[in-house]
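A short write-up of the structure that comes next.
Remember, it's 1-based here, ligands and their atoms both numbered in the order they're listed. Every heavy atom of this structure was used, including side-chain atoms; hydrogens, water molecules and symmetry mates were not.
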Amino acid sequence: MNVYDAIMERRTIRKFLQKKVSEKDLLKLIDCGRVAAYGANIQPLKFAVIDNEETVKKLYPLTKWAGYLTDGAPKEDERPLSYIAVLGDTSIRQNGMFECEAGAAVTTMMLEAVEMGLATCWLGALQREEIKKLLGLDEKLNVVYLLAVGYPNQKSKMVDMKNGDVKYYEDENGVINVPKRSMEEVLIKL
Ligand SMILES: Cc1cc2nc3c(=O)[nH]c(=O)nc-3n(C[C@H](O)[C@H](O)[C@H](O)COP(=O)(O)O)c2cc1C
């Protein structure tokens, strides 16, 4: 698969098959996040695999899913069985600003996941302090984002945005439709 196809095919998936992703595959994704672009090459992030059954179960209530959908959160038998936690190391960067770098890392991991036939959901609506406690993280590590990783049990596609409505929705076939702004709208011609 070429990179352009991975970029165009990648969609957020929130319902997963109950089939575990191997640790080897999760580590491959982290290896991709590790080498992403970092401002001044500081590399202030750490990563953790979360795939212990009990921890995954306790983690779910500390996350939020599909704010625009009434029935968009995964049911118990559709939830991800693994996550990658993206952590900001405050001993490397003290000001606590990790979102930009974490975004580059998450994006890099998501694109490799497409190539590997895996589905992902980038999670930012998190109860961060509770998650930090649950994972038993060192005080110096901040939870920035989680990336849910699994095998897809849902279809999602891009559609043209109508009337500026950014809300994704589920169509009559159960497919998630994600409106994207057109090239004409986003391109500023100078
Ligand atoms: C910073 C960030 C935080 C996000 N947090 C959540 C989240 O907490 N829960 C969720 O269901 N989706 C979350 N998403 C996924 C977005 O809803 C999704 O990317 C968007 O609707 C576009 O869909 P697409 O990824 O399929 O293009 C997040 C995405 C980003 C970039």
Out of curiosity, Arg93 CZ to Ile42 CD1, how far, rounded to the nearest 0.5 Å? 6.5 Å
Can a salt bridge be assigned to the pair Lys133 and Glu129 using a cut-off of 4.0 Å between side-chain N and carboxylate O? no
Which of the numbered atoms in ligand 1 are below 4.0 angstrom from a heavy atom of Lys64? 7 (C), 8 (O), 9 (N), 10 (C), 11 (O)
Could you list the atoms of ligand 1 found under 4.0 angstrom from a heavy atom of Tyr168? 17 (O), 21 (O)
Please tell me if the side chains of Val49 and Ile30 come closer than 4.5 Å, counting only heavy atoms from C-beta onward. yes
Any side-chain heavy atom of Met8 within less than 4.5 Å of one from Met158? yes
Ignoring angles and geometry beyond distance, decide whether Trp65 reaches within less than 3.5 Å of ligand 1 through its nitrogen or oxygen atoms. no
Gly124 N/O under 3.5 Å from ligand 1 N/O: yes
Is the shortest distance from a heavy atom of Arg10 to ligand 1 less than 4.0 Å? yes
Return yes when Glu99 approaches ligand 1 closer than 4.0 angstrom through a heavy atom, no otherwise. no
Look at atom 30 (C) of ligand 1 and say which protein heavy atom is nearest, naming residue and atom and giving the distance to 0.1 Å. Trp122 CD2, 3.7 Å
Can you label the angle between the Tyr60 ring and the Trp65 ring as parallel, tilted or perpendicular, going by 30° and 60°? parallel
